[in-house]
Amino acid sequence: MEMVPSEENQLVLKEVENAAEEPRVLCIVQDTTNAKTVNERLTLNLPASTTLSKLFEDVAHKAGYVNGTFDLAWRKTGDMGPLDPSSEMSLTESGFEPGKRNFLQLTDKDGEQPQIASDESGTAGSSGLDDRQERFIGPLPRDCTVGCSSDYSSPSYSYSSILNKSDTGYVGLVNQAMTCYLNSLLQTLFMTPEFRNALYNWEFEESEEDPVTSIPYQLQRLFLLLQTSKKRAIETTDVTRSFGWDSSEAWQQHDVQELCRVMFDALEQKWKQTEQQQFSPLTADLINQLYQGKLKDYVRCLECGYESWRIDTYLDIPLVIRPFGASQAYGSVEEALQAFVQPETLDGANQYFCERCKKKCDARKGLRFLHFPYLLTLQLKRFDFDYTTMHRIKLNDRMSFPEELDMGPFMDVEDEKSPQTESCTDSGAENEGSCHSDQMSNDFSADDGVDEGICLDSASSTERVLKPKVPSLNTSSLTFELFSVMVHSGSAAGGHYYACIKSFSDGQWYSFNDQHVSKITQEDIRKTYGGSSGSRGYYSSAFASSTNAYMLIYRLKDPSRNAKYLDCDDFPEHIKHLVQREKESEEQEKRQREIERNTCKIKLFCMHPVKMMAMMENKLEVHKDKTLREATEMAYKLMELDGVVPLDCCRLVKYDEFHEYLERSYEGEDDTPMGLLLGGVKSSYMFDLLLETRRPEQVFQPYKPGEVMVKVHVVDLKTDTVAPPVSIRAYLNQSITEFKQLIAQATELSAETMRVVLERCYNDLRLLYVPNKTLKAEGFFRSNKVFVESSESPDHQVTFTDSLLWKLLDRHGNTIRLFVSLPVQSPGTNRTICQKVGGDPEECSEGSKGNRNSVETILEESTEKLKNLSLQQQQGSCTSDSQKSSDTSDFEHIESPSPSQELDSSVSAVVAVDNRELENRIRAAGGGTYSDPETQFPGEERSDSEVNNDRSTSSVDSDILSSSHSSDTLCNADSGPIQLANGLDSHSITSSRRSKANEGKKETWDTAEEDSGTDSEYDENGKSKAESYYLYFRAEPYAQEDGSGEGGQKCVLVHVDKRITLSAFKQNLEPFVGVTSTQFKVFRVYANNQEFESVRLNETLSSFSDDNKITIRLGRALKKGEYRVKVYQLLVNDAEPCKFLVDTVFAKGMTVKQSKEELMPQLKDQCKLDLNIDKFRLRKKTWKNPGTVFLDYHVYEEDINISSNWEVFLEVLDGPEKMKSMSQLAVLTRRWNPAQMKLEPFQEVVLESSSVEELKEKLSEISGVPLENLEFAKGRGTFPCDISVLEIHQDLDWNPKVSTLNVWPLYICDDGAVVFYRDSTEEPMEQSEDERNELMKRESSRLLKTGHRVSYSPRKEKALKIYLDGGPVKDPGQD
């Protein structure tokens, strides 16, 4: 049996020649052993003659498990028996149906999870990769071709197969993040026999250097692992750590050629610094001996033949893909090499000054190869710069390269000692001043080290070592064979590298693509030439494949020098010791993985008896062989219960966190291994564990499987309270009658009169009234909540939905708790407050109860006073219709007010009438003492900008505890302590707008209306809207944790039905704020103390949740058709052109002139701006950009669209308004003076049309520049379109060839556009280098302050550096 690739490039079992004709069985296997794999399906398409034992083998191979450690069973409900793994019966004989889907389940065997296949087997578990796609068996279609890596997805390229290490013999490298370029180079060096063998011959001396920072040693270890490891892929983190890189470097993508140069330099430096001399000179100078070549850079005079030249060294040859300005690329490497050595003629203005002729002469300049290295590296320069778009681009043109390259034709064969040639040796001797010293590209001076990316810890002490001169090779033996192609897939902005490398052992080509190593063919190599099938002319590169060769490495064909890879038996002794240490390290890792594989990791919860009674969470890690008793002790220490609860008062139980359900307890199983109790070792479990505690006198209740947990809340209709839950356990097959008996035992209530209500989900209340119906039939599940009430009240006789019980539960389910911060020193803070100062709280409570009628009488009189005062205000103090509507009280609209209604309404009324008189009368009636804060009602409105000045004192800065209560509690009209949902007693004030029919009830209700689609709490006639049903509202004072509630910010804890409208909510808050609801605003506080105003009065509080925070601020609230507007001043010539002035209100139907009239007193009072109505304008504001100028006759919502939280610019005019109609266009212009390198201030130009000619005429008129010399350009970006004076002359699109402004590329269609203009005859000022640098600094500073960038800059690339001292030195001046 063998594996062969199918037409779909999938692996197919080849058993018989006529396998295609044999019926096939489709098996779909669900892996239920792990929560992560339970939703995955393994698919096998097998011949019908396949045996069951072979099926198990295939499933094990595909799932990555060891065969024999799992069971397979039918997924049918009737037959759950496992299949026989040793059976030789065929699939059809075992009940499988060909042509149909056969569903199986992969399950644990004997309670233990399947064992992951080890690294030796070449399956999952070694590299952390998902190999399911790669191990697909059968010719089923897939979305992607098997074998394609996730990093490489070219549709025109695919590997023939993906093979495991056991097949290829090679190990991959794990991509840390974006280190594919590093992996490609490392694999190439590893597959270079001369480099690998030389590295093995070098011996690391631990006494001289830290192994962590030694680059050669870490490379040595990596190469050993690549050669000897049984893993599929290994990490490169140790190598990058020796480079001095941190984890951030893994996310930086670099050029592989740049890395090659920098790493070679680093290796040279490391080897030079070592004191070890026993290794050969070849190893000490390895890089130069293998990779360094020499070339001559010459200039020859064409008149006298005099030649000036110098010797340069190179490590790689850069080959141009497409010459600059050309439309055709070079077709092959040979053609590019010929162009590389092709000389150019220096003539005309480029003539060369000949030392011999003593004049400028025509000359020929070029390069000649003098020596080729043993390993020849060619870099194909695919990355270029497009001067049209000013962006980097990648050239994807086709460039072929041969498998064998003859470099003989490119060797310099001229007679360098001819009489006409002045020679210069590479040792640095000069002759007649025409020759230069050897400028080696890999010179290791301190400066060059930094330039090349090498940071030396002691570079000054490093002596330059001259390279030994190597005799030139015979030109007859300059044939090189290709063995490495480093491929780049992507664009100039980023992509992916991988390497195609030929093994010198067997001549086979392999693809090294990070973790994946696979065999490839010569055809695959040819696909990396690049280019496209058809010719597309100049743009051919844009349509070509983005996957192409980037670096080529050739080796000289010389049998006397060509080395073979060292076998393990031929390793030096120090390498053999290193191999042994690495094997021991791998064994230790394997043992650790085995321990991890046998460790159960499960969530652990515990209701800590001391730490705020909060549910604590942790993770319990216990070996599967540990007993329950040992696990309990571990959990006991983990939850820090030592000294708090005795160990014998703790136990572990099975727990469902989501449903808060105790599934079962483990009585009598203290010695049972945890592996059996938890169902095996799994990466995640479908349940959790709870460490349960008890008091010493208590006994643990047994929890049996099949029981359900019920949280029982006892409801008391007399006190209108719902008690905290009591947990009981029941069975689903119990009847309602039996369930009531169970509740009666736990709560001591009478089962005869008991009503049980099940809350199945939010707001779904179900009365359980059928005695013989089971809990399961009623919809009980694992965890349930029920409410019980048992009394003799007549409420039993009422329909459930009309009963008091339903109303109370409905209120309980919809009530939320809100923390409301009141304004500092609000006028109405002298609410009726009962202070418990020097007296008994009970006495205060009784006093208020006995005088309830007296208090209500006083408040009724105060209500009448408020009505009279409101009428007086309407007649005398209000000057506009909007003010009349605001000041009209809503009390006159309440029909048939009950005493409790008047109680709530009159509290705010008393504030405006006679606070001190009311205070004295209530004190006499109630016998309490009262606070006396400021009570003066504001004479004028406060804007948001004024209120914002107080935000530092009014924001809620401390954490609010739900259980804390102030000593100053508001007296309730009923005076009885009200039981809260959490069981705490609290005196509270209750506001109730109820009809007389509900007068006697204690619950606090409010009314709300159906949303009418408007945002006003008044109708068109100013009448308060009718309310149709009752909603709960209750408030009590609240002291903040930091004590700021005393004399500072006042807070109220509000329990309210979230179905209440914002309008009704504000009306209920009136007694606490001290002003009517139209005189304050509600702000919702979000995370980070961000506040947003709630303005839609007909929306409910359904979006609020428990413990949300609300801030109340004084200021007139919006009415129907009103919008809050922020006004900013536009200062076009200031450094900050946008300045906030005031918050105001604009109304629908108001004209711009009317809004300006209302703004003027605000501006004078708040901003000290005394403006004439004709000397300023309003205009559209879009972020920071000024827009359309609003004319005085424009009407809001008709001519001008307006929205909530609108923003508008106010612009002060130097003279009368020039804008008279919408056909005009206001343009902001600015002159650029190149001779002074200066921009003049903005000037506004008003055009009668969109004509370019008119614009030029206006600009010529205001500047004096002749019309024919005037050029203009549109500004870029947001106002004020700042640009550096060093760039404006070239970067803007000057003098566009258009006749109108409203077409491309200008698109000036609205007011506020910025236009720069200049005199075309004016030349830029000439500057020295120092002056230009100084100006550049000033401009950079100016533009950074204004938030504008100096120029376009793509993603900043981080320079590639390798640090020889173990890490970078932090520069304090560096960003």
Side-chain angles (χ1 to χ4, degrees), residues 607 653 656 659-665 667 692-695 697-761 764-813 978-985 1002-1003:
M607 182 65 74
V653 297
D656 181 354
H659 295 101
E660 298 183 3
Y661 170 58
L662 298 171
E663 293 193 20
R664 61 158 297 185
S665 53
E667 280 79 16
E692 195 177 19
T693 61
R694 62 174 175 85
R695 291 193 294 273
E697 67 274 9
Q698 291 180 322
V699 177
F700 279 126
Q701 176 186 355
Y703 305 143
K704 299 178 182 179
E707 293 178 334
V708 294
M709 176 175 285
V710 184
K711 293 182 178 179
V712 180
H713 295 261
V714 177
V715 179
D716 190 343
L717 293 180
K718 295 180 180 179
T719 58
D720 290 344
T721 56
V722 180
V726 175
S727 295
I728 65 172
R729 297 178 70 85
Y731 289 97
L732 290 176
N733 58 0
Q734 281 182 323
S735 66
I736 298 300
T737 301
E738 294 171 335
F739 183 55
K740 288 183 178 181
Q741 295 293 339
L742 191 62
I743 296 176
Q745 295 175 10
T747 60
E748 299 181 355
L749 296 176
S750 171
E752 301 297 328
T753 58
M754 183 181 296
R755 285 185 292 176
V756 180
V757 179
L758 171 66
E759 184 181 79
R760 294 190 295 186
C761 57
D764 182 9
L765 301 174
R766 182 185 182 89
L767 181 65
L768 309 181
Y769 59 89
V770 182
N772 297 326
K773 205 169 184 179
T774 63
L775 301 185
K776 183 176 182 180
E778 290 286 6
F780 277 69
F781 190 57
R782 287 185 168 188
S783 183
N784 311 272
K785 182 196 287 187
V786 299
F787 300 91
V788 298
E789 188 273 335
S790 181
S791 66
E792 300 290 344
S793 70
D795 195 51
H796 283 251
Q797 311 301 325
V798 184
T799 306
F800 176 59
T801 54
D802 296 329
S803 64
L804 293 177
L805 176 61
W806 184 88
K807 291 180 180 179
L808 181 58
L809 296 180
D810 179 68
R811 185 202 77 187
H812 178 268
I978 296 181
Q979 188 78 11
L980 300 179
N982 58 8
L984 299 173
D985 289 336
K1002 293 183 180 178
E1003 60 265 33

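The figures here come from the full heavy-atom set of this structure, side chains too, leaving out hydrogens, waters and symmetry mates.
R694 places a side-chain N or O within 3.5 Å of a backbone atom of Q698 that can act as its donor or acceptor partner. Between the side chain of E738 and the backbone N or O of S735 there is at least one donor-acceptor pair closer than 3.5 Å. Judged purely by atom type and a 3.5 angstrom limit, N784 uses its side chain to pair as donor or acceptor with the backbone of M709.
Among residues two or more places apart in sequence or in another chain, the side-chain contact (heavy atoms from CB on, under 4.5 Å) test is passed with F800 by V757, L765, L767, S803, L805, W806. Take F781 and apply the ring-ring contact (aromatic ring centres under 6.0 Å, His included) test, not counting sequence neighbours, and it matches H659. In this structure, the side chain to side chain donor-acceptor pair (under 3.5 Å) partners of R766, at least two apart in sequence or on a different chain, are E778. Applying the side chain to side chain donor-acceptor pair (under 3.5 Å) test to D802 and every residue at least two apart in sequence or in another chain returns nothing. Applying the side-chain contact (heavy atoms from CB on, under 4.5 Å) criterion to S791, with sequence neighbours excluded, gives E789, S793, H796. Partners of E752 under the side-chain contact (heavy atoms from CB on, under 4.5 Å) rule, at least two apart in sequence or in another chain, are S750. Taking T737 as the reference, nothing meets the side chain to side chain donor-acceptor pair (under 3.5 Å) condition, with sequence neighbours excluded. Not a single side chain to side chain donor-acceptor pair (under 3.5 Å) links E792 to another residue, sequence neighbours left out. By the side-chain contact (heavy atoms from CB on, under 4.5 Å) test, Q741 pairs with A751, sequence neighbours left out.
When all heavy atoms are compared, the tightest approach of E692 to Y703 is OE2-OH, 2.5 Å. Here the shortest heavy-atom pairing between I736 and V770 reads CG1-O, 3.3 Å. Y661 and V708 get closest at one heavy-atom pair: CE1-CA, 3.9 Å.
A distance of 9.5 Å separates CG of L742 from OG1 of T747, quoted to the nearest 0.5 Å. Note that CZ of R664 and CG of D656 are 15.0 Å apart. Values are rounded to the nearest 0.5 Å. With rounding to the nearest 0.5 Å, the separation of CD in Q734 from NZ in K740 is 14.0 Å.
Screening residues 708-741 for ring-ring contact (aromatic ring centres under 6.0 Å, His included), with sequence neighbours left out, gives H713-F787, F739-F780. Within the structure, side-chain hydrogen bond (donor to acceptor under 3.5 Å, both in side chains) contacts touching residues 768-777 (residues at least two apart or in different chains) do not occur. A salt bridge (Lys or Arg N to Asp or Glu O under 4.0 Å) check over residues 703-713, counting only residues at least two apart or in different chains, returns the pairs E660-K711, E707-R729.
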**OP:** Could you give me the CA-CA distance, side-chain angles and deciding distance for L758 and V756, then say whether side-chain contact (heavy atoms from CB on, under 4.5 Å) is met?
**Re:** CA-CA 7 Å; L758 171 66; V756 180; 5.9 Å; no

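Considering only heavy atoms from C-beta on, D795 comes within 4.5 Å of R755 through its side chain.
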